[in-house]
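Atom set for the values below is all heavy atoms of this structure, side chains included, hydrogens, waters and symmetry mates excluded. Being a predicted model, the structure only gives us computed values, none of them experimental.
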Amino acid sequence: MKKTSLKNYLYVAYYLALFAILATKAVQTVYVGSINVYQANQLKNLKQERLVLNEQNQLLTTKLSSSTSLHQLLSSGTLDQYTPIKNPIVISDKALVALK
């Protein structure tokens, strides 16, 4: 009778160990999966924020370039001293510059 008791104890110990291993793996899988989902959500939020910042950067760059353009300078009156050339000299591609 002692042999069957020991045999039953070994079966129970084997199945308990197997259950413990499976339970540990299940908990580990759920934990790692939740971490991956959290990191993926953070990555999505950061990508969205990056898109918004890129759009703002493009808008500010456009505003900066338009405010410093020649048109803006001419309309602001900062080139009052500028006089255009009345008679420009055109050099043909066949003639040498030294001959003019």
Pair Leu10-Tyr14, side chain to side chain contact (heavy atoms under 4.5 Å, CB included): steps then yes or no: CA-CA 6 Å; Leu10 289 176; Tyr14 172 75; over 6 Å; no
Between Gln56 and Val52, is the side chain to side chain contact (heavy atoms under 4.5 Å, CB included) condition met? List the steps. CA-CA 6 Å; Gln56 287 178 351; Val52 169; 4.0 Å; yes
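For Asn57, the side-chain hydrogen bond (donor to acceptor under 3.5 Å, both in side chains) criterion is met by Thr61, not counting sequence neighbours.
Rounding to the nearest 0.5 angstrom, the gap separating the CG atom in Leu64 from the CG atom in Leu59 is 11.5 Å. Atom CG of Leu22 is separated from atom OH of Tyr15 by 12.0 Å, given to the nearest 0.5 angstrom. Atom CG of Leu51 and atom CD of Glu55 lie 6.5 Å apart (nearest 0.5 Å). Interatomic distance, Tyr38 OH to Leu43 CG, rounded to the nearest 0.5 Å: 12.5 Å. Separating the OH atom in Tyr11 from the CG atom in Leu16 is a distance of 15.0 Å, to the nearest 0.5 Å.
The local environment of CD in Gln42 is crowded, with over 12 non-hydrogen atoms from other residues, nucleotides or ligands closer than 6.0 Å.
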